[in-house]
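Everything numeric in this text was worked out from a predicted model, so none of it was measured.
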Amino acid sequence: LPICQDADIVCIGAGFAGLTAALRASELGLKAIVLEREAGPKQYNNSRIATGVFHVASQDVRLSPEKLIEAIDAETQNYAKPELVRAIAETALRTVDWLRGHDVRLEEEKRMSYVAGRVQLALMPARALRAGLDWPGKGGDRTLDVLEQRLVDLGGRVLRGVEATRLEMAAGACIGVEARHAGQVQ
């Protein structure tokens, strides 16, 4: 897309991962753009409708990195790359602190003890633990709204109705994105 030509980073999807990556890049002084396939302001995705429990391999993110590494290794049967396992384990709690620094509410939620049988941190306000579409204004929905607004405040953009269709790769690195907007591949 021509609008992305001067971006330092283009993130795909306006869920937790895409917005978090774009926001962090913006904090570091990069020009970030997020491409979101859905055109509406409240795309229906897992981040928005999730119960919001924060865990690593079903374990409390507040456990020591060593315990989290053990849990990830057990859950993946030692298949995960050790450097990625260590990165996740060592930054899990820092991620919670970073989110809280952006006005994302994470609190202990006793009703969320279904993960590993212990009280977990969850996005607030919590969703009901039942099937249904009670997500508007709840944890995941509120968190996405907060992250997007912070991104925009730092000069980032979310382009809605733009679907990434192909990554341009060179030497194992992504150097571009082909996208479809209003039926046109750009």
Side-chain angles (χ1 to χ4, degrees), residues 1 9-27 32-63 68 71-72 75-76 88-89 91-165 177 179-183:
L1 291 171
I9 183 171
V10 176
C11 300
I12 300 171
F16 292 147
L19 287 174
T20 298
L23 176 54
R24 186 65 184 129
S26 293
E27 288 178 334
I33 292 178
V34 177
L35 305 181
E36 172 52 49
R37 175 181 55 205
E38 299 298 323
K42 297 274 187 172
Q43 75 277 7
Y44 188 71
N45 61 29
N46 286 337
S47 298
R48 193 169 299 282
I49 66 171
T51 56
V53 175
F54 264 58
H55 63 88
V56 172
S58 299
Q59 299 300 311
D60 191 327
V61 296
R62 297 169 292 184
L63 294 176
L68 294 176
I72 295 169
E75 194 73 24
T76 65
I88 291 168
T91 61
L93 192 54
R94 196 168 76 209
T95 301
V96 168
D97 292 338
W98 181 84
L99 287 166
R100 284 179 168 157
H102 286 288
D103 196 31
V104 171
R105 290 179 47 210
L106 283 153
E107 298 174 13
E108 284 191 351
E109 175 56 72
K110 292 178 180 21
R111 294 177 308 137
M112 302 297 186
S113 62
Y114 65 89
V115 179
R118 61 173 39 155
V119 174
Q120 303 282 352
L121 290 177
L123 297 169
M124 293 292 150
R127 282 195 60 212
L129 294 179
R130 60 176 168 73
L133 299 177
D134 68 335
W135 56 265
K138 303 293 192 229
D141 183 45
R142 180 187 180 281
T143 298
L144 291 178
D145 292 346
V146 167
L147 294 175
E148 183 171 342
Q149 186 58 56
R150 296 276 198 248
L151 172 64
V152 170
D153 290 347
L154 289 174
R157 296 186 61 193
V158 176
L159 303 179
R160 299 191 182 284
V162 180
E163 179 182 12
T165 56
V177 178
R180 181 176 298 123
H181 180 253

Test side chain to side chain contact (heavy atoms under 4.5 Å, CB included) on L144 and N45 and set out the steps.
CA-CA 11 Å; L144 291 178; N45 61 29; 3.9 Å; yes
Quick check: closest heavy atoms across [X] and [Y], and the distance to 0.1 Å?
X: R160; Y: E38; value: CB-O, 3.5 Å
X: A92; Y: L68; value: CB-CD1, 4.1 Å
X: L23; Y: L151; value: CD1-N, 3.8 Å
X: F54; Y: Q120; value: O-OE1, 3.5 Å
X: G18; Y: V34; value: O-CG2, 4.0 Å
X: V162; Y: A179; value: CG1-CB, 3.7 Å

Return yes if some donor-acceptor pair links the side-chain N/O of [X] with the main-chain N/O of [Y] below 3.5 Å, else return no.
X: E36; Y: A14; result: yes
X: S47; Y: F16; result: yes
X: R142; Y: M124; result: no
X: R48; Y: Q43; result: yes

Would you call E108 and R62 a salt bridge, using N to O less than 4.0 angstrom?
yes
Quick check: are there more than 12 heavy atoms from other residues, nucleotides or ligands sitting under 6.0 Å from CG of N46?
no
What is the distance from atom [atom1] of [X] to atom [atom2] of [Y], rounded to the nearest 0.5 Å?
X: K138; Y: I49; atom1: NZ; atom2: CD1; result: 14.5 Å
X: L99; Y: T143; atom1: CG; atom2: OG1; result: 7.5 Å
X: L123; Y: L106; atom1: CG; atom2: CG; result: 5.0 Å
X: L159; Y: R37; atom1: CG; atom2: CZ; result: 15.5 Å

Can you find a heavy atom in the side chain of D145 that is under 4.5 Å from one in the side chain of K42?
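Yes, their side chains come closer than 4.5 Å.
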Report yes if the side chains of R150 and D103 come closer than 4.5 Å at any heavy-atom pair, otherwise no.
yes
Start with the C-alpha distance between W98 and T91, add both sets of side-chain angles, then the distance that settles side chain to side chain contact (heavy atoms under 4.5 Å, CB included), and finish with yes or no.
CA-CA 10 Å; W98 181 84; T91 61; over 6 Å; no
